[in-house]
Amino acid sequence: MSESAITQAGRPILEEHFETLPAQEEARKLGMWVFLITEILFFGGLFATYTVYRELYLPGFTQGSHFIEVKWGAINTAVLIVSSLTMALAIRSVQVGKRKGTTLGLLGITMLLGVVFLCIKFILEWRVDYLHHHVPGINFDYAGPHAAHVKLFFLFYFYMTGLHAIHVIVGIGILLALSYLTWRGRFSPKYYSPIEVAGLYWHFVDIIWIFLFPLLYLIGGR
Amino acid sequence: MSVAVAELATRSRVHYLNESYGVKSWLLTTDHKRIAILYMVSITFMFLVGACAAALMRIQLLEPAGAIVQPETYNKLFSIHGIIMVWFFLIPSIPAVLGNFLIPMMIGARDVAFPKLNLLSWYIYIIGACFILYTLIYGGVDTGWTFYTPYSSTYSNSHVFGAAAGVFIVGFSSILTGLNFIVTVHKMRAPGMTWFRLPLFIWSLYATSIVLVLATPVLAITLSLMAMERFLHIGIFNPAIGGDPLLFQHLFWFYSHPAVYIMVLPAMGVISELVAAYSRRRVYGYAFVAFSSFAIALIAFLVWGHHMFVSGQSVYAGMVFSALSFLVAIPSGIKVFNWTATLYKGSNSYDAPMLYALGFLGLFTMGGLTGLFLASLSIDVHLHDTYFVIAHFHYIMVGGSVMAYMGGLHYWWPKMTGRLYPDKWARFAAFTIFIGFNLTFFPQYILGYLGMLRRYAVYPAQFQALNVLSSAGASILGVGYFIPLVYLIWSMRYGREAGPNPWRAKGLEWETASPPPRENFEETPIVTEEAYAYPTRPRAVRV
């Protein structure tokens, strides 16, 4: 068990209940994959419910979808895809042992893009929806055709994008913590599994958005 | 594999129970064995709360007009009984107590893969339990454990939110436990512990964990949608404002039917261990028993519609769900036949854990066969929502899962505490539970067949005799559960020293000291033989 002696920034990197470092790294990765499978089912329940109602109430859902801006959804898709690229580059950077500054920079850009995504989401989209009285339970006011179904659409819109936004916020928090640890010199080509596992999570959150965008923004043929 | 640590002086030895003392050393522990004990204490408390609700229900039903409570209170009693027993006792029972304690020991690991996550899942359980207790103290919930809409989302005036929040929260505890077990079984096995050398307990808990991870998140989403409808008055499930109540039932049972297998698969794992240990034989058809767990886990996800035969789903869906439900009988039958074949001409001994195992075999078989009645469309129309259903799932949940939990607890108690309990009392309690259980629930099959509906606080006078019989049985059952509570606690201080392997059983957990040291094994074991490698008896003895 020579790995147990390896320390980084003063702390041993091998937890005591693991025999070897590769075993520990593999366990962490598998753990994250299993967690992501749970997440798929978590969002899956929502996707299924949404699909049922989209099928039942297509005119109302189309009407609702026309109230939200494809432009912002598309820009946000691009923002998240670029953030996934910088996330992957950050992992690569620590894996091949680039300077600490490079890794920190790439993690920084990733977080920044996450913040940009949230700003577009909250300030340019949700705030406008609020001003237009489109928020169910708070100020929903729409008297056109299919009003009940438009309301249902907006409920799913806010629930699904809100749940996704919570995941983005959690992701930014994780990256913030990892940036601190990177700055403290905790990671090296020998030991970087926390960054890699966080990367899995970040990519997953992107993929959820890739499904949300067409589901919510691109219905009703426009 | 030698029993090297057998003769260690136990009194002065440092083990997981005496390595540190104080509340903090327990509340901040990451030791899977201590977390198992924390779970055991918590679920026992919740079991007592749920049992009190059941006792009040049985007293109420002594008289046709209801003996003690108003119908509204009765609704709250069966709701809280169901919610607590399903989510706060049965689902965590075998996985979080016995699984937590045993999985690392059985595979030769020092701990589960993520010990901190393991502790976190206990805290999440406690937070969920607090919500339930809050609900109970502030007036209870009356929706039944199923939270059917639109009653729960629109009409109920009880504390639906507290109860649903508790269930929502405790789900994450289950998910994290399942995640931990999956990774532990994959990545933490000792050298030589191949998949086909794993004890069958591990196989069944692995299958359980998959169901936990896949099904539980759907329940969380479903309950959150129900809560949104309740607060925001948006027609998600309420047809009066544009929703679809059937969709709630689909989503709810997509989780809650697999949840039945979350509760019974671990029990099957325990029974495999008990049957092998007390017949001193390798479980007959090891691979079949192992894979039947996966078959059950898979089919679990395909049969939820059999809860909705009379809910207005399409007749064709009903027919498909009915046919698929029959499939469950195949892997379940494989298990029961293989256990029976193991017992046949085995060197059987009838210690208390074995009595529980035999009780399981009979009661589970009966519960399973009556499940086939209910899976048949035409019969279900007659039996749906009657006491026949109540009796059926109590035969599975109590006759199956609780019997197995009790058997497992008795079997591994010496390992957990280092002490033996008085065997005569234990056997007496096992018999009492078996008799009390059958007296309680067998009359309910007849009541249900005669047409007595579930969830009513009153009933026609002609059903009184059978109801009194059932309530009398419940009191015997209560005594049966009380006796082990007394002698198990007694044994922790006054019981005989158990030694590492009091049952002369096979398995890595029996090769280390009792109670085990913090790191489970003095050194990492190397596995060289199959599970249940009991010596085969010479042929001549048998002839």
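Each chain gets a letter, A, B and so on, in the order the sequences are listed, and its residues count up from 1. Quick note: numbers below take in every heavy atom, side chains included, and nothing from hydrogens, waters or symmetry partners. As the structure is a computational prediction, the values presented were derived from the model and not from experiment.
Looking at heavy atoms from C-beta onward, Leu225(B) lies in side-chain contact with Thr49(A) at the 4.5 angstrom threshold. Residues Leu41(A) and Phe254(B) are in side-chain contact: their nearest non-hydrogen atoms beyond the backbone lie under 4.5 Å apart.
The two atoms that bring Pro136(A) and Ile234(B) nearest to each other are CB-CD1, 3.2 Å, heavy atoms only. The shortest non-hydrogen separation linking His17(A) to Ala113(B) is NE2-O, 2.9 Å. When every heavy atom of Ile221(B) is checked against every heavy atom of Gly45(A), the shortest pair comes out as CG2-C, 3.9 Å.
Rounded to the nearest 0.5 angstrom, Phe42(A) CZ and Phe172(B) CZ are separated by 4.0 Å. The CG atom of Leu46(A) sits 9.5 Å away from the CG atom of Leu251(B) when rounded to the nearest 0.5 Å.
Interface summary for chain A: among Ile241(B), Thr222(B), Asp244(B), the most heavy-atom pairs under 4.5 angstrom belong to Asp244(B). For chain A, the option among Ala109(B), Pro104(B), Pro115(B), Ala220(B) with the highest count of heavy-atom pairs below 4.5 Å is Pro115(B).
Side chain of Tyr57(A) to main chain of Gly242(B): a donor-acceptor pair is present (N/O by atom type, distance under 3.5 Å, no hydrogens or angles).
Tested against Lys187(B) for a side chain to side chain contact (heavy atoms under 4.5 Å, CB included), the candidates Glu26(A), Arg28(A), Glu25(A) yield a single pass: Glu26(A).
Neither the backbone nor the side chain of Phe140(A) comes within contact range of chain B, judged by heavy atoms closer than 4.5 Å. Contacts of Ile175(B) with chain A are made by side-chain atoms alone, with heavy-atom separations under 4.5 Å and no backbone atom involved. Of the atoms belonging to Leu247(B), it is side-chain heavy atoms, and not backbone ones, that fall under 4.5 Å from chain A. When heavy atoms are compared at a cutoff of 4.5 Å, Leu214(B) approaches chain A by way of both its backbone and its side chain. Heavy-atom distances place no part of Asn180(B) under 4.5 Å from chain A, backbone and side chain included.
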Show which side-chain atoms of residues 142-160 of chain A pair as donor or acceptor with protein atoms under 3.5 Å away, not counting sequence neighbours.
from: Tyr142(A); atom 1: OH; to: Pro145(A); atom 2: O; distance (Å): 3.3
from: Tyr159(A); atom 1: OH; to: Ser224(B); atom 2: OG; distance (Å): 2.4

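Atom CD of Glu16(A) has 12 or fewer heavy atoms from other residues, nucleotides or ligands within 6.0 Å. No more than 12 heavy-atom neighbours from other residues, nucleotides or ligands sit within 6.0 angstrom of OH on Tyr130(A). The local environment of OH in Tyr123(B) is crowded, with over 12 non-hydrogen atoms from other residues, nucleotides or ligands closer than 6.0 Å. Atom CH2 of Trp195(B) sits in a crowded spot, with more than 12 heavy atoms from other residues, nucleotides or ligands closer than 6.0 Å. With a 6.0 Å radius and a threshold of 12 heavy atoms from other residues, nucleotides or ligands, Phe161(B) has its CZ atom at or below the threshold.
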Which is it for Phe18(A) and Arg110(B) under the side chain to side chain contact (heavy atoms under 4.5 Å, CB included) test, yes or no, and what are the steps along the way? CA-CA 8 Å; Phe18(A) 283 104; Arg110(B) 279 176 238 162; over 6 Å; no
